[in-house]
Amino acid sequence: MSLSLKRFARALSFSYLSIAGLAAHAAELPQVPDEIKEAGQLRAGVRCDQPPYGFQNGSGDFAGVEVEMSKQIAFWALGSKDKVTFTCVTAENRVPQLLGRKVDLLIATLGVTPERQRVIDFTTPYRWGASDVVVRKDSPIKSIRDLNGKTLATLKGSVQAKWFEDHMPGVKTLRMNSAADALQTFRQGRADAYTHDAATLVVVAANDNNARLINEPFQISDAAIGVRKNDEQLREYLSAAVAKMHDEKLFGEWVRQYVPENIQSYYLSVFEQAKPAESL
């Protein structure tokens, strides 16, 4: 059953559980991996088109919650938030960028899935995420099931594309290279709907009077930092850093920095409340 954003947040409140509590009172961070220490620089793969998680502002500077995470890790590991370089990654190329050693880690709206776990490792999750669908305000589409026979814009390599492929093969997907391309495809009328992370679509719907969310969260999963297989020391260091971020309540600060007040409650819930049960 569809839930409004407000009802969805309220439904979570009864089971409030800070993710920070899973690793409360985090111990001191473990030793910085030698490879990172010797390089003197952290190389982070981040999204450049996914506000508020990762984007480039009007000056071309990297910004967003996951960018702040990268800077904080650089500060703890190397003594300066400036000791991190950023590489823009997309849903399709982020894992290849990591495997090709173009970056040391991915903080790039990366959901934990069995397919990805076969090729890379993940840290402790730092938030959960859900997918949703945005349609035009006057669209007859009221639920995800109404998308059968319709055209849906999504991203190449995204978990949403895979979900519809597995669960609703009757939906025609247009798989685009970037979120900007997918959104433009939807706005131009070449697609009946656009699916992505609910966090992204909350922003889209809030800024477009002609769009509305279906508000039927699906494909609920954890988001974590991605590292290469067998890079245990780095994975353990980053997991401890995530716990420390929660312990010091940094995520709330970053959400308030990058998210408009009228939609902050959604983003605070994904960092600070328990992951809800899958409804579909």
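No continuous path of hydrophobic side-chain contacts links L106 to F251 [ILVMFWY only; heavy atoms under 4.5 Å].
In K37, the NZ atom is crowded: over 12 heavy atoms of neighbouring residues, nucleotides or ligands sit closer than 6.0 Å. Residue K172 places its NZ atom among 12 or fewer non-hydrogen atoms of other residues, nucleotides or ligands, all under 6.0 Å distant.
Side-chain contact between R127 and Y267 is absent, with no heavy-atom pair separated by less than 4.5 Å. Between V159 and E115, every side-chain heavy-atom pair lies at or beyond the 4.5 Å cut-off. Side-chain contact between M168 and W163 is present, with at least one heavy-atom pair separated by less than 4.5 Å. Residues M69 and W254 are in side-chain contact: their nearest non-hydrogen atoms beyond the backbone lie under 4.5 Å apart. Residues I225 and L110 have side chains not in contact (no heavy-atom distance under 4.5 Å, counting atoms from C-beta outward). Using a 4.5 Å cut-off on side-chain heavy atoms (C-beta onward), Q219 and S221 make contact. Y258 is listed as a side-chain neighbour of F55, based on a closest heavy-atom distance under 4.5 Å. A heavy-atom distance below 4.5 Å is not found between the side chains of R256 and E253.
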TODO: Determine, stepwise, if the pair S131 / Q160 fulfils side chain to side chain donor-acceptor pair (under 3.5 Å).
DONE: CA-CA 7 Å; S131 300; Q160 293 83 19; 2.8 Å; yes
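In this structure, the side chain of D222 does not engage the main chain of V112 through any donor-acceptor pair within 3.5 Å. Counting only distance, with no hydrogens or angles, the side chain of N57 and the backbone of S59 share a donor-acceptor pair below 3.5 Å. For Q264 (side chain) and V259 (main-chain N/O), a donor-acceptor pair under 3.5 Å exists by modelled atom type. Judged by distance alone, the side chain of K71 and the main-chain N or O of V84 form no donor-acceptor pair under 3.5 Å. With K229 contributing its side chain and Q117 its backbone, the two residues share a donor-acceptor pair below 3.5 Å. A donor-acceptor distance shorter than 3.5 angstrom exists from the side chain of T195 to the backbone of D132, with no hydrogens or angles considered. Distance alone, capped at 3.5 Å, places no donor-acceptor pair between the R235 side chain and the V227 backbone. For the pair N207 (side chain) and V203 (backbone), a donor-acceptor distance under 3.5 Å is present.
Q184 CD to Y194 OH: the interatomic distance, rounded to the nearest 0.5 Å, is 12.0 Å. To the nearest 0.5 angstrom, T200 atom OG1 is 4.0 Å from Q50 atom CD. Annotation: the span from N210 atom CG to S139 atom OG amounts to 12.5 Å, rounded to 0.5 Å. Residue N148 holds its CG atom at 9.5 Å from CZ of F164, rounded to the nearest 0.5 Å. If you take CG on L174 and CG on D192, they are separated by 9.5 Å, rounding to the nearest 0.5 Å. Here F186 contributes atom CZ and L201 contributes atom CG; the two are 9.5 Å apart, rounded to the nearest 0.5 Å.
Closest non-hydrogen pair, W128 versus Q273, comes out as NE1-O, 3.0 Å. Smallest separation of non-hydrogen atoms from L155 and A182: CD1-CB, 3.9 Å. Minimum interatomic distance between P96 and N93 (heavy atoms only, all atoms of both residues): CD-O, 3.2 Å. Taking every heavy atom of both residues into account, G252 and L268 meet most closely at CA-CD2, 3.9 Å. A193 and V135 make their closest contact through CB-CG1, 3.7 Å (heavy atoms, listed as atom of the first residue, atom of the second, distance). Closest heavy-atom contact between G40 and K83: O-CD, 3.7 Å.
One finds a salt bridge joining R101 and E35 here, because a Lys/Arg side-chain nitrogen approaches an Asp/Glu carboxylate oxygen to under 4.0 Å. Residues K162 and D166 are paired through a salt bridge, judged by an N-O separation under 4.0 Å between the basic side chain and the carboxylate.
Checking D181 against S178 by side-chain atom types alone, a donor-acceptor pair falls below 3.5 Å. Judged purely by distance below 3.5 Å, without hydrogens or angles, the side chains of T173 and R175 pair a donor atom with an acceptor atom.
Put simply, the residue from H196, E66, R47 that forms a side-chain hydrogen bond (donor to acceptor under 3.5 Å, both in side chains) with T109 is R47. In summary, of the residues considered (T85, V103, I36), a side chain to side chain contact (heavy atoms under 4.5 Å, CB included) with L42 occurs for I36 alone.
Annotation: Y126 is not in aromatic contact with H246 [ring centroid separation under 6.0 Å not met].
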